[in-house]
Structures are given as C-alpha cells and as structure tokens.
Amino acid sequence: MALGNSRASRPQSEEASLNITSMMDMFTIIVFFLLFSYAEKPDEFEVDKNVDLPASSSVFSYENSVKLFLSEKQVKLEDDIVAQMQNGRVVGLDSKNPQSSALYLKLKEHKEKQLAQAKEKALKTGEPEKTDFHVLFFCDRGLPFKTMNSIIKVAGMAGYPNFQLAVLEQ
C-alpha cells in the first residue's frame, strides 16, 4: 500500500465556518456594560496650599472616600483640622497607644457618622447599605514616610483599612 492511497481514502472534513452570532452577543454585552458602568465623578478637589502632591498618570475611583490632608504643619479631615504636625510628627500621637490620640478619635467619630448616614440613606432609597469607606490621603511630597505610615496605621485602626494616595495628573 502506498502512502498516496491512504490520503485519498480518508473521509473528507467539512469546511470550517464561523458563527458570528455568539461573537456579536458578547460584544453587545460588553458595550452595554461599559456604557452603564461609566458615571460622572468629580475630577477636582481643593487642595490645601501647604500640600505639594506628586504627579502620576494612573486613574482610580475615589467614591466613598474620606479626604485626609497631610501637610508639614497640620492634618485635616475633610475641612476640619484634627491634629498639628511638628518636626515631621503628629502632636499628641503616642505610637504605643494611638487609640488615645485626637486623630484616632476624630476618625472613629467620622466613620460612625458615615455609617449612620449610609444606613439612613439605605432605608430611604431601599438600596444596599454602603460600608466600604476608605481614606483618600493628600500627602505633601516632603512629608517623611514614617509620618505617613503612622497616620495610615491610625486610620486603619479607626475603621479605614483601605486607602488611596492622591497625586497630580501628569
């Protein structure tokens, strides 16, 4: 038996065809997902004059965020000054007992207020209650990491384990 004969005796396969309907369904779902997941978000914040932010090109959502401004002179929670800074350290922040500091108490109070407002909003609108609040840090570029780290730890202990660092757009 020759090799050429075995090829001729094989059953002929059908020509492959492309089912475009499934692909169109997939693309339609993706388009609708992208259209409905896009939402207008505020792009601008008023940054304290004393805070010099680094620059970056990354983008991330900052919904449900609490703004914490860290400058070389003070720590502000939203618009309220919650602590003073001196020589790169938070005045009144004891590293061995941070729960006794004014910064911790203010953050804890703010978290409880946010949770109460979210619960009230959920009761009014019937939507699920939001509990995933996080801190958006506006840190001065000249602030030492050790200082930032101690404030991040206090924020985590106060109920904000997730955080983001704000940067200027390049």
Side-chain angles (χ1 to χ4, degrees), residues 30 32-170:
I30 291 172
F32 278 110
F33 170 77
L34 292 174
L35 285 174
F36 284 110
S37 66
Y38 176 77
E40 287 294 321
K41 298 175 188 160
D43 291 329
E44 297 179 10
F45 292 105
E46 286 189 33
V47 179
D48 196 328
K49 291 180 262 180
N50 300 328
V51 178
D52 182 24
L53 296 176
S56 176
S57 60
S58 66
V59 178
F60 197 76
S61 173
Y62 43 84
E63 290 179 15
N64 300 333
S65 63
V66 177
K67 292 174 264 327
L68 196 64
F69 298 89
L70 312 176
S71 70
E72 293 180 353
K73 297 180 182 180
Q74 61 194 8
V75 178
K76 287 174 66 176
L77 176 63
E78 301 289 339
D79 294 326
D80 301 326
I81 298 173
V82 293
Q84 296 294 326
M85 302 281 279
Q86 190 175 42
N87 299 328
R89 305 191 96 189
V90 179
V91 176
L93 179 61
D94 182 12
S95 61
K96 294 180 182 176
N97 188 15
Q99 288 94 344
S100 64
S101 70
L103 177 61
Y104 173 82
L105 296 173
K106 291 284 187 177
L107 283 168
K108 190 76 168 169
E109 178 185 324
H110 195 273
K111 175 75 174 193
E112 290 168 0
K113 189 186 325 179
Q114 275 186 311
L115 290 173
Q117 289 173 348
K119 188 173 190 173
E120 184 179 312
K121 184 179 178 183
L123 288 173
K124 285 182 182 179
T125 61
E127 295 177 1
E129 186 178 334
K130 292 187 179 184
T131 58
D132 60 335
F133 300 105
H134 58 274
V135 178
L136 178 58
F137 286 97
F138 290 82
C139 299
D140 188 277
R141 172 186 318 216
L143 205 60
F145 175 75
K146 188 174 184 178
T147 304
M148 288 173 41
N149 191 37
S150 65
I151 295 171
I152 289 170
K153 285 180 183 177
V154 170
M157 292 169 66
Y160 295 103
N162 301 317
F163 64 92
Q164 298 170 337
L165 296 172
V167 294
L168 295 175
E169 185 178 4
Q170 280 185 339

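Of all heavy-atom pairs spanning Pro98 and Tyr104, the tightest one is O-CB, 3.2 Å. Leu107 approaches Ala155 most closely through the heavy-atom pair CD1-CA, 3.7 Å. Here the shortest heavy-atom pairing between Phe138 and Lys67 reads CE1-CG, 3.7 Å. In terms of heavy atoms, Pro128 sits closest to Ala122 at C-CB, 4.2 Å. Closest non-hydrogen pair, Gln99 versus Leu105, comes out as O-CD2, 3.8 Å.
The backbone N or O of Gly142 lies less than 3.5 Å from a partner atom in the side chain of Asp140, making a donor-acceptor pair. Not a single donor-acceptor pair under 3.5 Å links the side chain of Thr147 to the backbone N or O of Leu143.
Cation-pi geometry between Lys111 and Tyr160 is satisfied (NZ or CZ under 6.0 Å from the ring centre, within 45° of the ring normal).
Note: Phe69 CZ to Asp80 CG = 11.5 Å, rounded to the nearest 0.5 Å. Atoms CE and CD1, on Met157 and Ile152 in that order, are 14.0 Å from each other to the nearest 0.5 Å. The distance from the CG atom of Leu136 to the CD atom of Gln164 is 5.5 Å, given to the nearest 0.5 Å.
With contacts defined as side-chain heavy-atom distances shorter than 4.5 Å, the pair Leu68/Val75 qualifies. You'll find the side chain of Ile151 reaches within 4.5 Å of the side chain of Leu103, heavy atoms only. Within the 4.5 Å cutoff, the side chain of Gln84 has heavy atoms near those of the Gln74 side chain. Counting heavy atoms from C-beta on, the side chains of His110 and Leu77 come closer than 4.5 Å. The side-chain heavy atoms of Val90 and Ser101, taken from C-beta on, include no pair separated by under 4.5 Å.
Residues Lys119 and Glu129 are not paired through a salt bridge, judged by the lack of any N-O separation under 4.0 Å between the basic side chain and the carboxylate. Between Glu109 and Lys113 there is no salt bridge, since no side-chain N of the basic residue sits under 4.0 Å from a carboxylate O of the acidic one.
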Criterion salt bridge (Lys or Arg N to Asp or Glu O under 4.0 Å) on Lys108 and Glu112, from CA distance to verdict: CA-CA 6 Å; Lys108 190 76 168 169; Glu112 290 168 0; 5.0 Å; no

Audit row: Val66, Gln114, side chain to side chain contact (heavy atoms under 4.5 Å, CB included) steps and yes/no: CA-CA 9 Å; Val66 177; Gln114 275 186 311; 3.2 Å; yes

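Within a 6.0 Å radius of CG in Asn97, other residues, nucleotides and ligands contribute more than 12 heavy atoms.
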